[in-house]
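The structure appears below as structure tokens.
Computed from a predicted structure; not experimentally measured.
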Amino acid sequence: MKPSIVLYKKLPADLHQRLEQHFSIVEFEGITEENRTKVFNALQQAEGLIGSGGAVNKELLDHAPRLRGVSTISVGYDNFDVDELTRRDIPLMHTPTVLTETVADTVMALVLSTARRVVNVAERVKAGEWNSNIGADWFGVDVHHKTIGIIGMGRIGLAVAQRAHFGFNMPVLYNARSQHKAAEERFGAKKCELDELLAKSDFVCVLLPLTEQTFHTIGKEQLAKMKSSAILISAGRGPVIDEKALIAALKEGTIHAAGMDVFETEPLPKDSPLLSLPNVVALPHIGSATHETRYGMAACAVDNLIAALTGEIKENCVNPQVLKK
Ligand SMILES: NC(=O)C1=CN([C@@H]2O[C@H](COP(=O)(O)OP(=O)(O)OC[C@H]3O[C@@H](n4cnc5c(N)ncnc54)[C@H](OP(=O)(O)O)[C@@H]3O)[C@@H](O)[C@H]2O)C=CC1
Ligand SMILES: O=CC(=O)O
């Protein structure tokens, strides 16, 4: 008999078939308040779990006594209780690398659209406001040759540095726990303390994962250290930035603008002040959202689950210590 798995995100047909060759699938559309009980029942027999979104915590794991492998269709895994999975010797698999370049493209899209006010002026054209030669009220600010500060020089940070350096001749500053020699050698990136990065950067790109340590890394105090002409780009996880403090800083002119792909609450609530600020470009968490990359992530996650349940993990394991036992 094939092992049973719970799938909680719709997959392309060929990838669904690939999973079916190995496993007996019980499928759900997400893990929600409404389907919680049904998911918990299905988990009683499940040896694998694959999907994205929703909290995979102790309560859920308590309903999954036979679970041997978990695979998320994402690189970020802040919604998983990794310690609890590790305690139960369950490998957690994720999808790094396959999405890196696409997310870096999204970051540059935010840099360009905030600086050049692309969304704002395009809306004015559609509203019929382009009636004569444009004046200064349509102007933006330059991107090329400005300093970019990257907070979180990991896979995505490195890909952003590459674009900024080679594409836009931008000096690159970065802040991370470790030194990233590749970024320094290839893109002339300079490692600096957070305060120095904030004070010197024209674009501050926050690409950190969400952890206990990174929660609200950027708050009132840090925003006050930025140039009043600076633009904040947020594409890691929403809670890394104190959104209330950011809204106040944008209203008061402490900083010039913000480009955001992630938010403290997603979807962004309809009454969020961010929606009415003209100096904000807000995207619906589309960092990796191209057809090619989303397919690549799903394929990677399927392969990851198969590897986890057949004991053949070679890469992409978040908690590799469970493999040594
Ligand atoms: N908007 C979107 O759609 C997407 C968002 N993401 C988010 O982007 C995040 C980063 O992805 P990726 O680049 O692949 O991840 P990596 O693990 O490669 O990079 C993370 C970076 O953050 C740094 N970092 C982590 N914790 C701290 C800390 N406490 N203080 C300072 N630096 C820290 C790491 O530093 P060090 O190098 O020193 O370890 C590393 O440079 C993901 O975790 C996810 O949350 C990812 C994909 C899409
Ligand atoms: O936010 C997306 C991810 O892959 O993480």
Side-chain angles (χ1 to χ4, degrees), residues 1-82 84-99 102 266-267 285-320 322-323 325:
M1 221 169 68
K2 291 183 206 168
S4 170
I5 64 160
V6 167
L7 164 69
Y8 60 101
K9 181 159 182 150
K10 196 166 169 48
L11 292 177
D14 60 323
L15 297 178
H16 196 283
Q17 274 168 16
R18 179 159 161 67
L19 266 188
E20 248 169 358
Q21 285 164 5
H22 294 263
F23 311 118
S24 155
I25 303 172
V26 185
E27 187 168 355
F28 296 94
E29 274 183 38
I31 304 174
T32 62
E33 277 310 311
E34 291 72 42
N35 69 12
R36 207 171 179 71
T37 311
K38 285 186 180 156
V39 174
F40 284 0
N41 285 340
L43 281 171
Q44 286 295 330
Q45 295 307 318
E47 294 180 47
L49 176 66
I50 176 168
S52 75
V56 174
N57 52 22
K58 183 173 183 306
E59 187 198 4
L60 180 144
L61 294 173
D62 282 343
H63 288 85
R66 304 183 63 190
L67 205 59
R68 294 190 291 117
V70 175
S71 179
T72 178
I73 312 172
S74 64
V75 64
Y77 48 84
D78 44 279
N79 52 327
F80 290 81
D81 187 334
V82 180
E84 196 57 37
L85 284 162
T86 305
R87 203 176 62 72
R88 295 166 193 241
D89 293 338
I90 301 171
L92 171 62
M93 311 296 291
H94 70 150
T95 65
T97 317
V98 64
L99 48 59
T102 299
E266 296 180 8
H285 202 145
I286 58 155
S288 63
T290 63
H291 291 292
E292 300 93 326
T293 293
R294 284 292 170 88
Y295 181 88
M297 290 164 68
C300 177
V302 165
D303 288 345
N304 284 342
L305 187 66
I306 294 168
L309 295 190
T310 53
E312 285 169 13
I313 293 176
K314 293 193 184 72
E315 57 184 359
N316 302 337
C317 186
V318 170
N319 51 351
V322 303
L323 308 177
K325 292 185 180 169

Please report the shortest heavy-atom distance between [X] and [Y], naming the atom on each side.
X     : Y      : result
His94 : Val75  : ND1-O, 2.7 Å
Pro91 : Leu323 : CB-CD2, 4.4 Å
Pro12 : Tyr295 : CG-CD1, 3.7 Å
Leu61 : Leu67  : CD2-CD2, 3.7 Å
Thr95 : Cys300 : CG2-SG, 3.8 Å

Would the number of heavy atoms belonging to other residues, nucleotides or ligands and lying under 6.0 Å from [atom1] of [X] be above 12?
X     : atom1 : answer
Lys2  : NZ    : yes
Phe80 : CZ    : yes
Glu29 : CD    : no

A side-chain contact here means heavy atoms from C-beta on lying under 4.5 Å apart; do [X] and [Y] qualify?
X      : Y      : value
Asn79  : Val56  : no
Cys317 : Leu92  : no
Glu59  : Arg36  : yes
Ser24  : Ile5   : no
Leu60  : Ile31  : yes
Leu11  : Val302 : yes
Glu27  : His16  : yes
Tyr77  : Val82  : yes

(request) Answer yes if the side chains of Ser71 and Asn304 hold a donor-acceptor pair under 3.5 Å, and no otherwise. (result) no
Flag the pair [X] and [Y] as a salt bridge only when some basic side-chain nitrogen lies within less than 4.0 angstrom of an acidic carboxylate oxygen.
X     : Y     : result
Lys58 : Glu84 : no
Arg18 : Asp14 : no
Asp62 : Arg88 : yes

(request) Among Leu19, Val70, Thr72, find the residue that satisfies the side chain to side chain contact (heavy atoms under 4.5 Å, CB included) test when tested with Ile50. (result) Leu19
Approximate separation, where rounding is to 0.5 Å, of [X] [atom1] and [Y] [atom2]:
X      : Y      : atom1 : atom2 : result
Ile90  : Asn319 : CD1   : CG    : 9.0 Å
Ile286 : Thr102 : CD1   : OG1   : 10.5 Å
Glu315 : Asp303 : CD    : CG    : 9.0 Å

(request) Go through the steps to decide whether Met93 and Ile313 satisfy the test side chain to side chain contact (heavy atoms under 4.5 Å, CB included), and finish with yes or no. (result) CA-CA 9 Å; Met93 311 296 291; Ile313 293 176; 3.6 Å; yes
(request) Output, in order, the C-alpha distance, side-chain angles, deciding distance and verdict of side chain to side chain contact (heavy atoms under 4.5 Å, CB included) for Phe23 and Ile306. (result) CA-CA 9 Å; Phe23 311 118; Ile306 294 168; 3.8 Å; yes
(request) Kindly say whether Phe28 contributes a backbone atom to a donor-acceptor pair with the side chain of Asn35 at under 3.5 angstrom? (result) no
(message) Would the distance check show the side chain of Arg68 and the main-chain N or O of Leu309 forming a donor-acceptor pair, the cut-off being under 3.5 Å?
(response) yes
(message) Please determine whether side chain to side chain contact (heavy atoms under 4.5 Å, CB included) holds for the pair Leu43 and Leu49, giving the CA-CA distance in whole Å, both sets of side-chain angles, and the decisive distance to 0.1 Å.
(response) CA-CA 8 Å; Leu43 281 171; Leu49 176 66; 4.1 Å; yes
(message) Could you go through Arg294 and Ser288, starting from their C-alpha distance and side-chain angles, then the distance that decides it, and tell me whether this counts as side chain to side chain contact (heavy atoms under 4.5 Å, CB included)?
(response) CA-CA 7 Å; Arg294 284 292 170 88; Ser288 63; 3.0 Å; yes
